[in-house]
There are 2 protein chains.
Amino acid sequence: MATRIDVAKRAGVSPTTVSRVINDNGYVAADVRKRVLEAIEFYHYVPNKFARVLRTRQKKEIACITHSITNPFYGEVVLGIEEVAFQNGYTFSLYNANFHDRDYRRVLEEGFYGGLIVLSPVELSKFVRLEQVKEALPTVVYWDWRGEAPVPAVYVQLQNAMREMVHFLLSQGHREILFLGHDSSQEWENPRLFGYRQAMQEAGLDAEKHVTLIPEWQDSLQTGYTVMKKILQSKQGFTAVAASTDLLAIGAMRALQEAGLRVPADVSVAGVDNLEISALVTPSLTTVHLPKREIGQRLMQLLLQQIQGVSHSLKDIFPYQLMVRESVGAFRPSSSVHPC
Amino acid sequence: MATRIDVAKRAGVSPTTVSRVINDNGYVAADVRKRVLEAIEFYHYVPNKFARVLRTRQKKEIACITHSITNPFYGEVVLGIEEVAFQNGYTFSLYNANFHDRDYRRVLEEGFYGGLIVLSPVELSKFVRLEQVKEALPTVVYWDWRGEAPVPAVYVQLQNAMREMVHFLLSQGHREILFLGHDSSQEWENPRLFGYRQAMQEAGLDAEKHVTLIPEWQDSLQTGYTVMKKILQSKQGFTAVAASTDLLAIGAMRALQEAGLRVPADVSVAGVDNLEISALVTPSLTTVHLPKREIGQRLMQLLLQQIQGVSHSLKDIFPYQLMVRESVGAFRPSSSVHPC
DNA sequence: CGCCTCATAGAAAAAGTTTACATTTTCTTC
DNA sequence: GAAGAAAATGTAAACTTTTTCTATGAGGCG
């Protein structure tokens with residue numbers, strides 16, 4: 001690989017002058033500049049990033065870490081992040097924390113990246129300790145839990161979103177509404193679960209009877225499918241399913257259909273997220289739209305502020321919107337999985 | 001940030017000894033090692049990656065570039081890549097080529113990465129010129145086109161896969177089979193299209209009548225949906241759809257259903273890929289399984305060989321497997337979109 | 001003409017690490 | 001107990017870049 005010295009030799013100048021041309025600072029005569037540019041072109045010379053960063057300490061590379069690269073929700077968030085990153089001259093790379101925790105911390109701490117975006121910390125809590133990592137580099141987080149994030153964060157009103165969704169199910173006459181989602185822990189409180197309980201209590205219903213909790217945090221089609229299969233064996237009676245996410249909802253819907261139940265005639269199903277697929281399954285999924293791309297954009301903006309040191313942990317409140325589609329129908333007395 | 005020199009001072013040794021402890025090479029006495037490790041712990045010292053790479057030229061970081069991070073096909077391939085990368089002490093980051101081409105080339109060429117995996121070069125041909133980039137760093141590619149890749153590649157027998165799928169549709173009695181997918185160009189030949197034509201010709205049918213080509217290479221649910229909507233307006237008659245990918249198939253299926261057509265009673269639909277979602281939509285999709293994770297693993301193995309200089313452009317032939325599910329039914333004389 | 005300013009360009013230091021080489025200390029072995 | 005091997009540690013160069021400092025010459029001005 002050609003270095004700056006090769007370029008300098010070919011252009012008949014000193015290496016310093018090449019730097020000046022590249023970084024466009026200091027005085028350099030027009031003809032000299034031209035010669036240098038030609039030499040750069042000749043060698044296809046690109047300055048060595050490692051040497052440059054070693055000297056300047058300016059890393060225009062940011063990292064994003066997520067638990068599940070295959071989750072389309074994060075996919076869309078990432079698109080938003082990228083957009084803003086590139087506009088600001090940053091490059092962006094994505095990590096998937098499926099593997100060894102130690103390695104990830106190492107990567108993040110060895111000074112490779114100028115900033116870090118953590119998508120949903122709960123799923124990553126085994127790998128990334130926000131308190132530790134924020135010491136090593138500017139960090140922001142997509143925080144979809146109740147309470148305060150330990151670093152600047154983008155918040156979404158998931159509790160209200162879920163609540164509104166359950167309200168809608170209630171408005172359709174449903175009373176036996178199954179909650180399908182993740183549990184809270186000592187550390188983390190699941191706002192979706194709170195939203196569900198809130199809505200049920202407001203309607204004067206038992207908010208615990210139909211709560212089905214998924215042990216490990218897994219947001220996948222397969223999880224929704226297998227959990228619903230199990231529920232159907234348990235003879236639990238319900239007429240609607242309020243799923244934490246669209247993936248869970250779609251998986252659950254399939255399990256219901258395989259059991260010979262019609263959605264929404266026999267059971268209604270709704271989710272939260274509004275993924276692309278949700279509008280294109282049959283029946284199309286009633287869900288709550290979350291502005292994924294905007295979340296990504298704001299995350300990156302927040303990180304830029306962090307890097308520049310002007311971060312005032314802004315709590316962005318993003319709008320959500322109920323998307324009424326086919327998968328929810330009005331309650332009919334005859335319709336119930338196992339009448340109770 | 002603490003450096004090696006701080007650590008050395010605290011441990012009362014020379015910086016060299018610290019290096020030796022860290023890299024575990026050369027002689028170092030047990031008690032000295034212990035002192036050094038304590039000092040490292042004290043400072044939370046992590047060697048600066050930039051200085052290290054500058055010196056050693058060993059970049060244990062590889063990049064993967066794709067056109068569409070949200071495509072679950074690539075998502076699963078990436079899981080396989082990651083697995084092997086981590087086993088070999090490499091870290092891995094993902095680029096999404098939605099934005100400026102120049103920037104990507106720059107990132108790749110400035111020596112940041114020790115290797116590059118390109119997922120499907122056609123979609124990236126605007127951004128990444130394999131012939132150029134392979135000069136800058138070891139490169140391998142997932143090659144899903146006819147002909148030879150310009151760099152070591154992992155090949156999949158897509159032509160045969162598609163052919164087998166169309167054979168299956170034919171075996172179910174279908175004759176008016178619509179092909180839904182991407183066109184070939186001067187540069188690239190689409191093996192799926194060839195597989196379709198081959199199967200149709202073998203059956204003595206017109207292989208061109210029902211070919212519907214998607215202009216830009218777009219593999220998404222939305223594309224399948226909108227293209228099928230358009231087809232339905234055109235009054236073209238067919239009884240089955242052979243889609244290039246599962247995403248296109250699922251999108252198309254939805255458009256058919258919205259038009260009041262039953263799948264598979266009125267129209268059969270099949271795809272290629274076997275994504276997770278494909279088994280969980282209703283009706284579940286008949287498709288051809290491709291070993292995505294294995295493809296990823298092999299890609300990374302191939303790249304490791306490239307890096308070590310022992311690459312003998314191995315052509316991996318991966319098995320595929322027809323997955324018969326609900327979305328294809330036997331042809332019935334009465335069933336046709338627009339009987340012709 | 002002497003001095004100052006400004007345009008231009010090179011020399012050298014610095015960033016933090018690895019490693020070849022050099023040096024000192026300790027251990028074998030006859 | 002001396003010689004030579006092996007173990008342990010240190011010195012300094014190298015990796016490539018940016019940046020500060022210095023040097024040279026040209027032109028302007030009193």
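- With sequence neighbours excluded, no residue satisfies salt bridge (charged side-chain N to carboxylate O under 4.0 Å, His left out) with A/Glu135.
- Taken residue by residue, residues 33-43 of chain B places no heavy atom nearer than 4.0 Å to DNA chain D.
- B/Asn190 is linked by a side-chain hydrogen bond (donor to acceptor under 3.5 Å, both in side chains) to nothing, counting only residues two or more places apart in sequence or in another chain.
- In this structure, A/Gln58 places its CD atom 20 Å from P of C/dA14, rounding to the nearest Å.
- Listed by chain and residue number, A/Ala11, A/Val13, A/Asp31, A/Val32 satisfy the side-chain contact (heavy atoms from CB on, under 4.5 Å) test with A/Arg35 (two or more places apart in sequence, or in another chain).
- A/Asp24 is linked by a side-chain contact (heavy atoms from CB on, under 4.5 Å) to A/Arg33, counting only residues two or more places apart in sequence or in another chain.
- The aromatic rings of A/Trp145 and A/His182 sit perpendicular to each other, their planes meeting at more than 60°, with 30° as the lower class boundary.
- Taking the side-chain contact (heavy atoms from CB on, under 4.5 Å) definition, one finds that A/Glu38 meets it with A/Lys34, sequence neighbours left out.
- When the ring pair (Phe, Tyr, Trp, His ring centres under 6.0 Å) test is applied to A/Phe92, no partner is found at least two apart in sequence or on another chain.
- Looking at the side chain of A/Tyr27, the nearest of the listed nucleotides C/dT8, C/dG10, D/dA8 is C/dT8.
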Name the pairs: protein N/O against N/O of nucleotides 15-17 of chain C, kept only if under 3.5 Å.
unit_1: C/dG16; atom_1: N2; unit_2: B/Ala51; atom_2: O; d: 3.3
unit_1: C/dT17; atom_1: OP1; unit_2: B/Tyr45; atom_2: OH; d: 2.4
unit_1: C/dT17; atom_1: OP1; unit_2: B/Asn48; atom_2: N; d: 3.2
unit_1: C/dT17; atom_1: OP2; unit_2: B/Arg4; atom_2: N; d: 2.7
unit_1: C/dT17; atom_1: O5'; unit_2: B/Tyr45; atom_2: OH; d: 3.4

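- Within the nucleic acid shown, A/Val32 comes within 4.0 Å of sugar-phosphate atoms alone, with no base atom in reach, counting heavy atoms only.
- Scanning atom types as modelled, one donor and one acceptor separated by under 3.5 angstrom connect the side chain of A/Arg20 and the base of C/dA9.
- Side-chain to base pairing of B/Thr16 with D/dT11: one donor and one acceptor N or O lie within less than 3.5 Å of each other.
- B/Lys60 pairs by the side-chain contact (heavy atoms from CB on, under 4.5 Å) definition with B/Tyr90, not counting sequence neighbours.
- Remark: B/Ser14 is not in phosphate contact with D/dT11, judged by side-chain N or O atoms under 4.0 Å from OP1 or OP2.
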